[in-house]
Number of protein chains: 2
Amino acid sequence: MPHTYEYPRPSLTVDAVVFGFDDQDLKVLLIQRGLEPFQGKWALPGGFVHMDEPLEAAVRRELKEETGLTNVFLEQLYTFGDVARDPRGRVVSVAYYGLVKLADHQVLAATDASNAAWFPVAELPPLAFDHDRIMEAAHKRLQGKVRYQPIGFELLPKKFTLSNLQHLYETILERPLDKRNFRKKILGMAGGDLLIDTGEIEQDVSHRAARLFSFNQKRYQTLEKKGFNFEL
Amino acid sequence: MPHTYEYPRPSLTVDAVVFGFDDQDLKVLLIQRGLEPFQGKWALPGGFVHMDEPLEAAVRRELKEETGLTNVFLEQLYTFGDVARDPRGRVVSVAYYGLVKLADHQVLAATDASNAAWFPVAELPPLAFDHDRIMEAAHKRLQGKVRYQPIGFELLPKKFTLSNLQHLYETILERPLDKRNFRKKILGMAGGDLLIDTGEIEQDVSHRAARLFSFNQKRYQTLEKKGFNFEL
DNA sequence: TCAAAAGTGTTAACCATACACCCATGC
DNA sequence: GCATGGGTGTATGGTTAACACTTTTGA
C-alpha cells in the first residue's frame, strides 16, 4: 500500500536511552539488531513513528515490543537530524531518555526479547548509527538533571536506604559525596518532608540493617507548585 | 514530481522562537501567515525541512527567507509531535529558540518580509497552530538557561553597561535584582575575567555616562572546559 | 570477636542578602 | 540646581564543607 507525496519526506523514528541502576553500576538497555544495516550490532531500542501516534506513545510501543519494558519514566532528550546519520537515507530521530527501577520489576525476565540486554554505561559495546552520540547526550542530561530534579528516585526501588540513594548519586555524578552532609541535606530538605521513614529496615544483610525510606512524591508536587526547588 | 513510500510519513517542519531585547522589553519575532490554514494570523517563523538539509540549517534558511534574519544564536528546544497539532495532517515540528542582538543589527530594515514584526513577550497576539505552547516552552527555557549559561550576552550589543545587563536579567527572570550584589557577582566571576572593561563610556545620555563592558567569550570557553560554571 | 556498614554534630570558611549615600552629567 | 542614573562597602545570617568515632548486626 504505497503512499505518495508532492515533496519528499524524511523518515521519522524515535529512540530510547533507558537507564537502570543495580546498586553497583548505572546501566543502559540495548538491543542487538537482527537486520541490516548494522546487523548483529548493539543499538538503542527504537523505531518508526506511526501516523496516528504521538511521539512518546511511539517510544513506549517500541520499548514494549523490543524489550518488554512498560511503565517507564520518559522525557524527551533531543532530536537528531544529521543528513547522513542513517545509511538507508534521511532519517530524523526524536530521542528520549528513560529511567527504570531495576530492582522492583524483574525486567526482561518474561519477554521474548532475547536480544535485549543491560550494559554498564562505562563499558558499552560499539553502537549502531549515531547511537553513541545519543547515549552521550542522554548521560549528560541525566547528570545535569539529577541535581535539580528528584528523578533519581525513578532508578531506586520504592523503599531504599540513604546509602542506596547516596551511592546512586555518586555513581551518576561520578564523584564521592560526604555521608553526613548528604544525609543532613536530603533529610532536611523541604522541612524534612521529602523522604518518608517507612519504619522498616533492610532484611538479610550481614551488618547493621539500615532504615528504609520512600520518596514523598505527593508532598514534592505540592511544594513544587509553591516554588520549591529540589537541589542536589 | 511525486514521491512514493511503502509506509506513510509525517511531514517534518522546524519552527523558531527568536528573542530580542530592546532595553525595555523582551520581544519575539513573528510572521503573519499569508496562506491557509490560519491565514492572517501571527505565527512563529518556520517551514518544511529539505531532504539534504540538517535541522538547524533548515531553521536558518526559513528565518532568512521569512524575516531576513541571519547569524542568529540558535539552540534546539523541543520537538512537538501531537497528532492533531496541524489541521493539514500529521506534522512534527522541531522547535528552536534563538537570541539576537536587536541593538547591533538593524533587523528587519532591509528585507522584503513586510509581514514580520517584533512583539513584546508580555503582549502576544493569538498564535496559529500550537505556537503558543512552543512560545511558552521557549520562554521557560530561556528563563532557566539564562541563570547558568552566559547566553544573556547574545541579546545585548557587543558593548553594554552593567545596568543594561542587570535590566536584561530582571526582564527575563521577572524579578528585581540588587544593584550592588549583581555587580559584585558578575564582576567577580571567574576571578574578574569574564567581563572586559572596554575603557569606553556611553554617549549621548543625559546623566553620568556608564562604562561599557564586553563579554570575554574566549576566556569563558577556556574556563568552561576546566569545569567552571557560570551561575546567575 | 571481627568485619561491614549505619548512624550521628561541630566548626570554620564561604556566600548570599540587605541596605544608603555620594558622584557625574546634561538640561 | 535639579533630575537621572552611576558607582561603591559592610555587616549579618545562612549554607556548604571538612572531618572521626560509636553502634548494630551477622558470620
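Every chain is numbered from 1, with letters handed out A, B, ... down the list of sequences. What you see is a predicted model, and the numbers here were worked out from it, not measured in a lab.
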Check your understanding: Hey, where on DNA chain D does chain A first and last touch, going 5' to 3'? Cut-off is any atom under 4.0 Å from a heavy atom.
Key -> D/dT16 to D/dA27
Less than 3.5 Å apart, which donor and acceptor atoms pair up between the side chains of residues 15-26 of chain B and the rest of the protein, not counting sequence neighbours?
| from | atom 1 | to | atom 2 | distance (Å) |
| --- | --- | --- | --- | --- |
| B/D15 | OD2 | B/S93 | OG | 2.6 |
| B/D22 | OD1 | B/Q24 | N | 2.9 |
| B/D22 | OD1 | B/D25 | N | 2.7 |
| B/D22 | OD2 | B/K27 | NZ | 3.0 |
| B/D23 | OD2 | B/N164 | ND2 | 3.3 |

Review point. Rounded to whole angstrom units, what separation is found between the NE2 atom of A/H167 and the P atom of C/dA5?
Key: 11 Å
Under 3.5 Å, which N/O atoms of the protein pair with N/O atoms of nucleotides 7-9 of chain C?
| from | atom 1 | to | atom 2 | distance (Å) |
| --- | --- | --- | --- | --- |
| C/dG7 | OP1 | A/R211 | N | 3.1 |
| C/dG7 | OP2 | A/R183 | NH1 | 3.3 |
| C/dG7 | N7 | A/K179 | NZ | 2.7 |
| C/dG7 | O6 | A/K179 | NZ | 3.2 |
| C/dG9 | O6 | A/R180 | NE | 3.4 |
| C/dG9 | N1 | A/R180 | NH1 | 3.4 |

Practice item. To the nearest Å, give me how far apart CD (A/E170) and P (C/dA5) are. Key: 13 Å
Exercise for review: Could you tell me whether the side chains of B/Y96 and B/E62 share a donor-acceptor contact shorter than 3.5 Å?
Suggested key: no
Point to revise | Side chains of B/Q143 and B/E174, donor plus acceptor under 3.5 Å | key: yes
Check your understanding: Relative to the 5' end of DNA chain D, which residue comes earlier, A/H207 or B/H207, by the nucleotide with the nearest heavy atom?
Key -> B/H207
Review point. Going by the salt bridge (charged side-chain N to carboxylate O under 4.0 Å, His left out) test, which pairs reach into residues 203-215 of chain A, not counting sequence neighbours?
Key: A/D197-A/R211
Check your understanding: Can a salt bridge be assigned to the pair B/E170 and B/R175 using a cut-off of 4.0 Å between side-chain N and carboxylate O?
Key -> no
Exercise for review: Could you grab the distance from atom CG of B/L212 to atom OG1 of B/T198, nearest 0.5 Å is fine?
Suggested key: 5.0 Å
Point to revise | Length of the CG-P vector between B/L177 and C/dC19, whole Å | key: 15 Å
Check your understanding: Can you name the residues that form a side chain to side chain donor-acceptor pair (under 3.5 Å) with A/Q203, not counting sequence neighbours?
Key -> none
Exercise for review: List in chain and number order the residues that pass side chain to side chain donor-acceptor pair (under 3.5 Å) with A/R33, two or more places apart in sequence or in another chain; answer none if no residue qualifies.
Suggested key: none
